[in-house]
Amino acid sequence: MIVPQRVLTALIFASFLAVFLSSFRRVDPNEGARLAEQYCGSCHVAPNPKSLTKYTWQVNVLPVMASYLGIRYMEYDPYRNLSEDEVALLTTQNIYPTTPVVTDDVWQKIVDYYVENAPTTSRIDSARLQRNHKLSLFNTKYVSLGKTSGAKVTAIAYDTTRHELWVAEPEKLYRWNWTKGLTHNYDLSGTVVDIEVNDGRSLLTEIGTLLPSELAKGSIYALVGDSLNALQTGNHRPVCSLTADLNDDGVEEILTANYGHRSGSLSLYVKQPNQRAYQEQTLLNIPGAVKCYVRDMNKDGRKDIIALFAQNEEAIYIFYQIGDLTFRPEKVLQFEPEYGTSDFVILDYNKDGIDDLAVVHGDNADYSYSLKSFHGLRLLLGGKNQVYTEAFFYPLYGATRVQADDFDQDGDIDFAISAFFPELTRLASESFVYLENTNPPKFRFTPFTLDTPVPVKSLTLEKADVDQDGDLDLLLGQFSFSPVAVPPALQQQWNTVDYKLVVLINRRRP
């Protein structure tokens with residue numbers, strides 16, 4: 001039988017249309033959300049699809065998520081560029097399952113849920129372009145600390161006993177005084193990322209490797225005179241340490257946030273009787289521990305620990321001490337993994353005698369680099385039984401560090417925020433923002449930024465009365481390296497600055 005040409009054309013078109021339409025799966029969004037909650041939510045808070053663009057989900061984030069479910073998606077290899085030792089560690093820990101945890105059909109529904117519900121683009125919030133004022137409360141002073149250009153300041157801390165600022169760079173440690181200038185210059189064999197100075201004693205946390213790694217090469221040192229005394233070695237990328245006598249027996253313990261990478265821990269190091277060595281007591285065996293404080297959180301007379309975890313966990317835990325160095329962990333806050341939680345401080349914003357928390361989100365260097373509207377400062381007011389409720393949010397791209405105090409001495413709490421990942425074309429000045437409190441009950445703040453020839457680029461932010469005049473100054477350390485793409489002219493400026501510190505001297509007098 002001869003088929004007429006028009007009929008043949010119609011059949012071919014119908015077949016093509018059927019194939020074309022079949023490529024669009026009809027996805028039940030409720031089922032996709034349920035599967036995301038079931039599988040993604042088993043490791044962290046299930047992310048909202050609208051938080052990232054379609055491209056970012058499809059190309060950058062979902063391939064990494066798949067590897068934790070034993071799926072190789074978009075040819076992503078989680079072991080790529082890793083050493084044999086790191087691969088062996090990850091394999092032993094079964095970080096990436098060797099067989100799929102979910103079926104191809106289930107995984108595809110998860111992919112469709114995120115990609116189909118995500119926005120196409122992420123644009124600058126135009127409301128931010130005209131909101132800032134020129135900072136006048138502080139005068140800016142640049143401190144070189146040496147003859148080399150460029151800077152990679154990894155830690156700063158103020159010694160209130162000697163009135164000195166301690167500053168660390170890779171393989172370097174400086175001490176600086178407002179009047180005397182540079183007083184000490186030490187050569188180190190590693191990179192110090194945290195310094196605790198207490199009653200003339202110094203505790204230095206050396207990370208081992210700044211780049212993500214599974215290899216435990218970090219150390220904790222005490223600086224005695226001009227010599228380093230190793231207190232703990234073999235730590236997995238430690239980023240914060242402090243000493244405290246948690247059980248009031250007259251012997252101090254060391255609390256360390258071993259940030260790690262795919263694995264890590266918050267650990268307590270307890271000194272054994274009549275021995276020099278410390279024994280590790282793991283409080284929580286997950287990566288991302290970034291900052292901790294010791295205080296009695298529930299007012300029962302025992303010293304507790306409150307700690308921030310980044311990475312996928314994005315949570316704040318309180319470790320309640322229930323006995324002699326025995327702790328019960330309780331998660332009191334948690335955010336989605338793409339929030340990039342970076343820092344927090346404890347304060348009493350509304351002066352009700354209950355601890356509040358100020359948290360900043362803005363780490364933007366991993367798999368989802370993009371403008372994120374949810375980055376910024378969150379103020380969470382504390383209630384009974386350590387329940388925290390968000391009361392105020394200030395959006396700020398790439399927020400990294402926060403300090404809270406009454407900097408202008410008018411009786412309320414102001415905030416200083418540094419952003420390591422600001423928007424760099426039109427909002428680069430928001431790498432530092434000072435929020436002056438103008439109406440505490442209504443959470444109204446006036447934002448100020450620095451008018452500097454080169455935008456501040458800092459991983460560090462501290463407060464101290466460095467000039468000893470009775471008010472609090474602010475200190476930022478320049479860090480020229482960027483893990484993400486930067487406009488070439490701006491990167492060249494950062495690479496060639498002739499200072500390492502930006503010191504903001506408070507003009508307010510008591």
Side-chain angles (χ1 to χ4, degrees), residues 39-40 42-44 47 52 55-102 107 111 152 154 170-171 189-193 205-220 232-240 256-267 280 282 284-290 309-314 337-338 340-342 363-370 420-421 459 479 481-485:
Y39 293 105
C40 305
S42 64
C43 296
H44 48 68
L52 303 173
Y55 178 88
T56 304
W57 280 119
Q58 182 74 56
V59 177
N60 297 333
V61 177
L62 286 169
V64 178
M65 292 170 61
S67 64
Y68 286 95
L69 296 174
I71 295 173
R72 298 297 177 259
Y73 181 63
M74 300 283 289
E75 299 183 355
Y76 174 74
D77 179 5
Y79 300 115
R80 186 180 300 156
N81 300 325
L82 296 184
S83 66
E84 291 183 3
D85 290 341
E86 289 186 274
V87 172
L89 285 169
L90 290 169
T91 303
T92 301
Q93 297 167 11
N94 196 33
I95 299 294
Y96 306 113
T98 55
T99 58
V101 176
V102 299
W107 171 247
V111 170
K152 292 183 180 178
T154 53
E171 300 184 342
S189 59
T191 302
V192 170
V193 294
T205 301
E206 195 274 304
I207 193 170
T209 170
L210 280 173
L211 296 177
S213 173
E214 284 306 308
L215 302 181
K217 297 181 178 180
S219 302
I220 313 300
Q232 190 66 33
T233 59
N235 292 64
H236 190 183
R237 300 183 74 230
V239 296
C240 176
T256 298
N258 295 305
Y259 189 95
H261 183 38
R262 303 303 185 200
S263 61
S265 70
L266 179 69
S267 291
E280 182 179 8
T282 302
L284 193 59
N285 191 29
I286 61 173
V290 67
F309 289 79
Q311 290 293 76
N312 292 336
E313 186 70 5
E314 303 293 328
E338 69 274 27
T341 314
S342 300
D363 184 5
N364 208 5
D366 293 327
Y367 309 105
S368 63
Y369 178 67
S370 58
F420 192 69
F421 297 100
L459 286 172
F479 191 92
F481 173 76
S482 180
V484 298

Practice item. Could you walk me through whether Leu90 and Arg262 pass the side-chain contact (heavy atoms from CB on, under 4.5 Å) test, one step at a time? Key: CA-CA 8 Å; Leu90 290 169; Arg262 303 303 185 200; 3.7 Å; yes
Tell me whether [X] contacts the main-chain N or O of [Y] through its side chain, where contact means a donor paired with an acceptor under 3.5 Å.
{"X": "Asn364", "Y": "Ser370", "answer": "yes"}
{"X": "Arg72", "Y": "Asp77", "answer": "no"}
{"X": "Ser342", "Y": "Gly340", "answer": "yes"}

Review point. Between Asn258 and Ser265, do the side chains contain an N or O donor and an N or O acceptor separated by less than 3.5 Å?
Key: yes
Check your understanding: Would you say the side chains of Gln58 and Tyr73 form a donor-acceptor pair under 3.5 Å?
Key -> yes
Separation of [Y] [atom2] from [X] [atom1] (nearest 0.5 Å):
{"X": "Arg237", "Y": "Ser213", "atom1": "CZ", "atom2": "OG", "value": "7.0 Å"}
{"X": "Phe479", "Y": "Leu210", "atom1": "CZ", "atom2": "CG", "value": "5.5 Å"}
{"X": "His236", "Y": "Leu215", "atom1": "NE2", "atom2": "CG", "value": "7.0 Å"}
{"X": "Tyr369", "Y": "Asn60", "atom1": "OH", "atom2": "CG", "value": "12.5 Å"}
{"X": "His261", "Y": "Leu211", "atom1": "NE2", "atom2": "CG", "value": "10.0 Å"}
{"X": "Thr56", "Y": "Leu62", "atom1": "OG1", "atom2": "CG", "value": "10.0 Å"}

What is the minimum heavy-atom distance between [X] and [Y], and which atoms define it?
{"X": "Gly190", "Y": "Glu206", "result": "CA-OE2, 3.7 Å"}
{"X": "Pro483", "Y": "Phe420", "result": "CD-CE2, 3.9 Å"}
{"X": "Leu82", "Y": "Pro78", "result": "CD1-O, 3.5 Å"}
{"X": "Pro47", "Y": "Pro337", "result": "CG-CG, 3.9 Å"}
{"X": "Glu214", "Y": "Glu86", "result": "N-OE2, 2.8 Å"}
{"X": "Thr233", "Y": "Ser219", "result": "CG2-OG, 3.8 Å"}

Exercise for review: Assign the ring pair Tyr96 / Tyr68 to parallel, tilted or perpendicular, where the plane angle (0 to 90°) is split at 30° and 60°.
Suggested key: tilted
Point to revise | Step-by-step side-chain contact (heavy atoms from CB on, under 4.5 Å) determination, Val239 to Ile207 | key: CA-CA 6 Å; Val239 296; Ile207 193 170; 3.9 Å; yes
**Study point:** Tyr76, OH atom: more than 12 neighbouring heavy atoms under 6.0 Å
**Key:** yes
Review point. Does the side-chain contact (heavy atoms from CB on, under 4.5 Å) test come out yes or no for Val61 and Leu52, once each step is laid out?
Key: CA-CA 9 Å; Val61 177; Leu52 303 173; 3.8 Å; yes
Review point. Going by heavy atoms in the side chains, are Cys240 and Thr205 under 4.5 Å from each other?
Key: no
**Study point:** Side-chain heavy-atom pair Glu338, Tyr367 within 4.5 angstrom cut-off
**Key:** no
